[in-house]
J.: 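Can you read through this structure? Questions will come right after.
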Amino acid sequence: MGDYILLAIGAILVNNILLIQYLGNCPFLGTSKKMDTAVGMAMAVVFVLAMAGIVTWIFEAVFLKPLGLEYIRTIVFIVVIAALVQFVEIFLKKNIPALYAGLGIFLPLITTNCAVMGVCLINIKEEYNFLEMFVSSLAYPAGFGLALILFAGLRERIIIGRVPAPMQDVAIALVTAGFMSLSFLGFKGMI
Amino acid sequence: MIKRSFLGFVTPKLKHNIVPGPVQELPVPSKVTLLLKEPQNGGNASSLKAGDTVRTGQRLFASPDSAEYVISSVTGTISDVAPYMDSYGRKYAAVTIETGGQDDWEDEFNKEPSLDTALKFFEYAPGNPSFRPFADPEKTIRTIVINGMDQDLLITANQYVVQNEAADIKEGVKALEKITGADRIVITVPENLVQQANTTGAELKTLSTTYPDSLPHMIMKNMLGQVVSAGDTPEDTGVVFINAEAASAIGAAFETGRLRVTKIVTVVGKDGNTTNIRTRIGTPLRDILQACNVSINERDRLILGGPMRGTATYSEDLAIGPDTDGIVVQDEANSSQVTDYPCINCGECVRICPVKIPVNMLVRFLEARLYEDAASMYDMECCIECGLCSYACISRIPIFQYIKLGKYELSLTETAEAANE
Amino acid sequence: MRDIIRMIVVLAVLAACSGGLLAAVKSGTAEKIEYQQLKFVKGPAIKEIMKGCSNDPIVDRFKIKDGEIERGFYVGVFDGKANAVAYETSGKGFGGPVGIMVGVNIHTDKLLGIGVTTHSETPGLGSRAKDDPSFGVQFKGMAMNKPFKVKTDGGEIDAVSGATITSKGVCAGITQSAEFYKKLKPQIIEQAKAFAK
Amino acid sequence: MAKTIVQEFTKGLWEEIPPFRLVLGLCPVLAVTKTVANGIGMGIAATFVLVCSNILVSALRNIIPSKVRVPCFIIIIATFVVVVELVMQAVAYPLFLQLGIFIPLIVVNCIILGRAEAFASKNGVAASTADGLGIGVGFTIALGALAAIREAFGAGTLSVPFSDTIVQLFGPSFKPFTFMVEAPGAFVCLGLMLGVMNLVGKK
Amino acid sequence: MSSEKKLIVPHALFPSRPGAAGEKKLVVAHAPYWHDGSKISTKNYHIMLAALPAVLMGISQYGAPAVGVIALSMACAMIWELVWNLLLRRPHSIGDGSAAATGLLLGMLMPATAPWWVVALGTFIAIVVGKQIFGGIGFNPLNPPLLALAMLVISFKGIFDFDEALRHYDLGFAMSYPLGQVKYFGTAAIDKFSVGGLLMGQQAGAVGSTFGLGLIIGGLYLIIRGYIRWEIPLSFLVGVFVTALIFNLSDPAKYAGPFFHLFAGYTLIAAFFLAPEDSSSPANFIPMLIFGALAGLMTVLIRNIGAYVDGVPFSILLMNLANPLLDKIRPKAIGKVVENA
Ligand SMILES: Cc1cc2nc3c(=O)[nH]c(=O)nc-3n(C[C@H](O)[C@H](O)[C@H](O)COP(=O)(O)O)c2cc1C
Ligand SMILES: Cc1cc2nc3c(=O)[nH]c(=O)nc-3n(C[C@H](O)[C@H](O)[C@H](O)COP(=O)(O)O)c2cc1C
Ligand SMILES: Cc1cc2nc3c(=O)[nH]c(=O)nc-3n(C[C@H](O)[C@H](O)[C@H](O)COP(=O)(O)O)c2cc1C
Ligand SMILES: Cc1cc2nc3c(=O)[nH]c(=O)nc-3n(C[C@H](O)[C@@H](O)[C@H](O)CO)c2cc1C
Ligand code: SF4
Ligand code: SF4
Ligand code: SF4
Ligand code: SF4
Ligand code: FES
């Protein structure tokens with residue numbers, strides 16, 4: 001039990017996927033201008049990653065590893081994730097329209113998101129067992145969501161401020177992200 | 001100017017002056033200027049021409065079919081009718097009357113207390129009461145509050161009235177009951193005027209002397225236990241506020257048969273000395289300042305109203321209106337200055353705001369001209385316009401001005417939207 | 001209908017071509033990749049251990065099946081004789097498994113040296129077990145017949161200061177490896193002979 | 001007006017240089033620019049995939065049904081990514097170790113899919129090649145420049161790509177400002193670079 | 001103050017001016033016409049005044065190098081501010097004292113032996129990267145001196161290792177850095193520090209952050225004068241105390257007691273001079289308490305189980321990140337209409 005909690009804390013704070021591992025920066029910058037969007041994106045990533053983590057892990061365990069096909073892991077994973085996102089989109093549209101309305105526009109963006117693919121690859125690289133994989137597939141996106149929401153809060157204030165013209169928008173957002181990353185170094189060594 | 005105290009961690013309390021001085025009567029001025037609201041239909045002031053003679057107490061109309069009127073406060077000849085616009089963009093006709101000789105009273109005023117009478121004769125009474133909410137079929141007004149406390153610091157005009165004209169107020173209360181049929185008439189006064197207020201026959205409520213407890217919204221909340229929703233007026237909640245001076249003027253009118261055409265004004269000089277004077281409505285500021293021995297120089301400020309909520313004006317030639325309770329003159333050294341520094345998030349405004357508005361955030365949105373967000377996320381419409389946030393702002397941001405501008409701009413877009421529908 | 005068939009055909013052909021291309025590239029590079037992996041991951045440790053040998057131990061390697069597991073051994077040729085092997089084992093460190101390359105003189109059963117290959121220890125603490133030569137050097141010449149222990153556990157090894165956990169892990173890993181080394185020793189000697197000279 | 005092949009190439013070097021003008025594909029930019037060698041290596045790998053996929057997508061653009069367009073692009077891109085992975089392991093293993101999972105992640109790099117979708121699927125092979133090459137070289141230059149700044153301040157060195165040479169820039173008493181090569185330094189440095197580019201671009 | 005200008009607004013909405021000829025020019029502005037007289041420069045001068053006792057103690061201990069660090073830090077900070085304003089053609093803002101305050105505080109966080117270029121680099125980060133590129137005063141999302149300190153600490157470990165840096169000083173007390181001692185050698189190593197000694201500055205450390213008593217006096221002065229609010233310092237110190245106590249009870253040999261944590265390292269300067277910095281800390285009551293308490297908690301967590309010797313820079317920066325979210329916890333404005341209620 002304790003190990004899993006440590007794994008989760010590690011994934012959320014210490015090795016925060018965005019701020020320490022640099023995965024998923026495009027949606028991080030793209031969906032953080034407004035708090036509502038940030039919350040939507042955060043939820044979508046948690047949702048998709050939990051499923052993608054499981055599915056890709058099973059693919060690895062059932063097909064790739066036994067057949068010695070690890071070298072085409074990249075191609076299999078991306079196809080699996082793309083198909084999964086499509087499927088989830090169709091499923092939500094039909095069956096849970098409320099959730100679809102909330103997450104809908106974010107789902108296609110997620111297909112080409114380093115964070116999803118990255119965590120699936122980390123799960124394999126770290127040789128996690130099923131439970132560890134599951135914890136990691138929830139905790140990493142939770143860390144993504146935490147960083148995204150904090151960032152959106154900061155950005156909402158910065159955008160209405162008096163940022164000098166050349167630094168506006170992405171430039172200042174990157175510097176702010178750097179400051180967040182610096183602050184998160186404080187968690188270093190805690191697990 | 002009240003400076004921050006040494007013990008800066010205590011939230012500052014701004015106290016009203018509560019000892020109204022004696023009143024100095026001013027002679028009838030040689031001319032008066034009355035501001036007559038332009039009729040809704042935009043017609044010219046066709047009924048009034050230079051050269052017309054008017055009598056004291058006479059109702060002056062812009063045009064024969066207009067409902068807007070002013071009451072002439074003197075007898076004399078109209079010398080000028082000029083267009084005029086106030087700082088809120090409302091248009092008026094400025095009617096200047098040269099006084100000549102004795103007062104010649106117009107006796108059109110009949111003594112029957114009825115809503116019709118009130119609408120016809122009291123809309124320009126000193127203290128500027130309004131009876132229109134009673135005539136509005138969409139509003140049910142149950143309560144009238146006679147405010148015996150002045151709404152700005154330093155000013156003691158209404159307190160003077162409670163102290164010295166309680167009998168007139170008593171008559172006013174009776175008349176108001178008849179005119180409006182309100183169930184409840186309340187008078188609010190500071191502790192030291194309780195004795196006088198008790199004789200007026202209205203239900204007594206004692207107010208604290210801390211600003212802004214005398215503002216209608218605060219009285220509603222603290223005294224009547226009713227909260228006015230954001231953007232609404234007390235009338236929407238069924239309460240009409242009338243200044244003590246107006247109540248007294250109404251009472252006196254029914255008692256004497258003559259409309260009151262004088263106004264009590266608290267004049268505050270540069271040295272902070274205050275004088276109360278009584279003068280005709282429409283008296284130019286210049287005459288009043290001269291009578292009070294207040295000199296005014298280049299770059300001084302001349303403020304109609306009090307230091308927190310008044311309106312600085314550009315000319316001594318402007319005149320007092322029925323709602324002018326105070327005149328404040330500030331010299332340059334004592335004037336507060338605004339800067340273009342941004343909010344540094346010190347939170348002084350948040351702590352001082354009587355209605356708990358997150359002013360630190362509000363001001364950022366206003367500065368960025370995001371008025372709709374300011375209203376929906378940061379409670380702009382809750383502001384009761386007390387001015388305390390600007391008073392305390394360490395960055396000296398004109399917050400109060402931003403808020404008023406924001407409300408104004410928002411109302412423009414709202415009316416534009418309503419028009420498009 | 002024709003659309004759907006076309007879609008399926010295009011996708012299938014594309015996937016097939018991709019598979020074919022990749023299989024070709026894979027088989028073309030397999031050998032090189034394996035060599036590169038050995039060279040850069042294990043190579044440094046092996047080289048350090050086998051300092052002075054006359055062959056390239058990464059090339060001269062063989063595998064022995066130990067039950068389920070296949071173990072790789074790298075042969076060091078000294079003075080024309082294949083009298084040393086290196087193999088990899090692992091111990092549990094502070095941040096996860098620590099890979100350890102162990103070199104043994106197959107005649108004397110004494111350690112030629114050890115080296116850390118892979119680890120995820122804290123930089124500056126546990127990582128010193130790899131980077132600081134004074135830790136590994138202690139093992140040189142020690143006999144394989146008794147457990148390796150750090151001094152606090154009554155052994156002879158000075159732990160890396162501030163990283164006792166890592167140090168204990170390394171000791172435990174080597175101690176464990178002694179077991180399969182003993183078990184496989186006959187085969188090792190047999191196979192190693194092939195590389196002499 | 002259609003651009004010439006040369007213009008298709010040069011636009012990637014300044015006008016549309018990623019990730020400054022096209023704010024996409026940020027993850028590798030941040031992650032692999034600790035040293036110039038890594039940055040350039042990554043840039044070349046991405047350029048290879050970009051050019052190959054652009055060529056193939058453009059060549060097949062009339063065959064691929066539009067409904068399965070994106071899956072096809074993904075398969076094509078992923079194939080070349082795996083090729084890069086395998087080749088890099090075979091010839092530049094240390095670089096492969098340094099770049100880690102960012103090599104497989106080229107597959108989700110928004111730039112590459114973006115070019116396939118926005119350019120190659122609508123233009124001829126020659127133009128697509130020029131476009132891919134231009135964007136790729138621009139990307140490589142950007143990575144190299146960012147990496148040079150970070151490495152110079154953060155380590156006091158410049159590493160030469162594809163060799164073991166590391167140039168010491170400062171004297172022995174220099175103490176590196178290692179913040180620059182840590183995670184936060186990447187963000188801050190890229191942000192400031194972007195600001196400077198905006199400033200220069202304005203003039 | 002050059003940038004404080006009078007608002008003389010032409011009254012554009014008055015198309016006609018009755019009797020406009022030959023009158024005096026009066027100043028028209030908007031209500032209110034009173035102000036409590038506070039201004040940013042006054043506040044910053046008082047912050048610097050309050051920091052003076054701690055700075056003087058540092059100077060008396062470390063002599064000329066300490067003067068050098070403080071003076072250079074303030075000068076560099078003001079120069080960067082000036083250069084920025086000149087480059088961007090913005091109104092000059094040196095006069096508001098903010099740059100000087102930032103320089104002073106950053107100087108107080110550095111060891112007396114810090115080389116000149118560390119000071120120059122640090123003030124550049126604080127003023128330009130930490131504040132000006134966000135729009136200047138009031139817009140910095142994080143505390144500028146702490147931001148600079150954090151970047152410097154992770155980069156130049158040797159310079160900020162106080163044991164190493166201050167080796168050559170002999171001031172008549174144990175010249176070692178208490179937080180380093182307890183982190184590497186356990187509580188047995190800190191017997192040489194008494195609470196009284198720590199309060200009087202008998203510890204190795206940064207120029208302006210060792211003299212606990214001086215910092216407390218300065219902090220109380222700022223609280224009484226209303227330049228900082230009591231909520232953040234108090235909740236921060238309580239957060240440190242409680243967390244340290246819990247750790248201490250769990251393993252007294254490994255984790256130092258609460259009073260040690262209160263008076264060692266950067267705790268006190270953080271409580272009174274860094275955490276309450278305006279633009280990066282909340283303005284509402286409950287958020288201030290949460291902000292302080294969590295920053296205190298994080299400080300001790302990092303000290304006890306994290307990788308860094310002193311947790312102050314990171315804990316406060318982390319809470320700065322949460323500031324915009326925290327400040328959304330606020331009382332309902334009176335009259336606010338809650339939809340769908
Ligand atoms: C941030 C941090 C990182 C650590 N990394 C390691 C490590 O890599 N290896 C290790 O053995 N112990 C590590 N430790 C654990 C402690 O150093 C532990 O006290 C030590 O292993 C005990 O050994 P000692 O008796 O030599 O101090 C780490 C502790 C912290 C706080
Ligand atoms: C803004 C600024 C930043 C500097 N950053 C560094 C640095 O990161 N590392 C360093 O060793 N010197 C730095 N320097 C200092 C000089 O470049 C130079 O290294 C120093 O004078 C070396 O002096 P020394 O050799 O006498 O120690 C910096 C100087 C300035 C003005
Ligand atoms: C140590 C100290 C130094 C000060 N130095 C200055 C100064 O150089 N310039 C200044 O305008 N105010 C300075 N002040 C602030 C003044 O004391 C005073 O509070 C402030 O200027 C009041 O501003 P006002 O009188 O212009 O409203 C200083 C305050 C302190 C405590
Ligand atoms: C306790 C306290 C700490 C402060 N710390 C800083 C600081 O670190 N940096 C700074 O620029 N201003 C600081 N200020 C100044 C204050 O935030 C405000 O007057 C600045 O001018 C805004 O940056 C501080 C103010 C207070 C009350
Ligand atoms: S004027 Fe300012 S202090 Fe007064 S109610 Fe409005 S926001 Fe609050
Ligand atoms: S008082 Fe002024 S500076 Fe302070 S928070 Fe309010 S608006 Fe901002
Ligand atoms: S700024 Fe505000 S108060 Fe002034 S005139 Fe405009 S709306 Fe009215
Ligand atoms: S004071 Fe009022 S009328 Fe005059 S310019 Fe300002 S907003 Fe306009
Ligand atoms: S490169 Fe776009 S999310 Fe990582």
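The sequence lines fix the lettering, A, B, ..., with proteins before strands; numbering per chain opens at 1.
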J.: Taking everything shown except E:I329 itself, do over 12 heavy atoms lie less than 6.0 Å from its CD1?
T.: yes
J.: For B:M220, which atoms come within 4.5 Å of any heavy atom of chain E: side chain, backbone, both, or neither?
T.: neither
J.: Report yes if the side chains of B:V355 and B:H217 come closer than 4.5 Å at any heavy-atom pair, otherwise no.
T.: no
J.: Heavy-atom cut-off 4.5 Å, strictly under: side chain, backbone, both or neither for B:V227 against chain E?
T.: side chain
J.: Out of B:R351, B:M308, B:K356, return the one with the most heavy atom pairs under 4.5 angstrom to chain E.
T.: B:R351
J.: Verify side chain to side chain donor-acceptor pair (under 3.5 Å) between E:N85 and E:S93, making sure each step is shown before the conclusion.
T.: CA-CA 8 Å; E:N85 288 335; E:S93 53; 3.0 Å; yes
J.: Inspect the contact between B:D379 and E:R330 and indicate whether a charged nitrogen and a carboxylate oxygen are less than 4.0 angstrom apart.
T.: yes
J.: Is there a side-chain contact between E:N320 and E:L147, using heavy atoms and a 4.5 Å cut-off?
T.: no
J.: If I measure from the heavy atoms of chain E, does B:I352 come under 4.5 Å with its side chain, its backbone, both, or neither?
T.: neither
J.: Answer with side chain, backbone, both or neither: which region of B:E348 has an atom nearer than 4.5 Å to a non-hydrogen atom of chain E?
T.: side chain
J.: Do E:I127 and E:W84 have side-chain heavy atoms sitting under 4.5 Å apart?
T.: no
J.: Please determine, among B:C393, B:C343, B:P12, B:G347, the option with the most heavy-atom pairs under 4.5 Å with chain E.
T.: B:C393
J.: Side chain, backbone, both or neither: which part of E:F139 has a non-hydrogen atom closer than 4.5 Å to chain B?
T.: side chain
J.: Heavy-atom pairs under 4.5 Å with chain E are the metric here; pick the option from B:G387, B:P307, B:P354 that has the most.
T.: B:P307
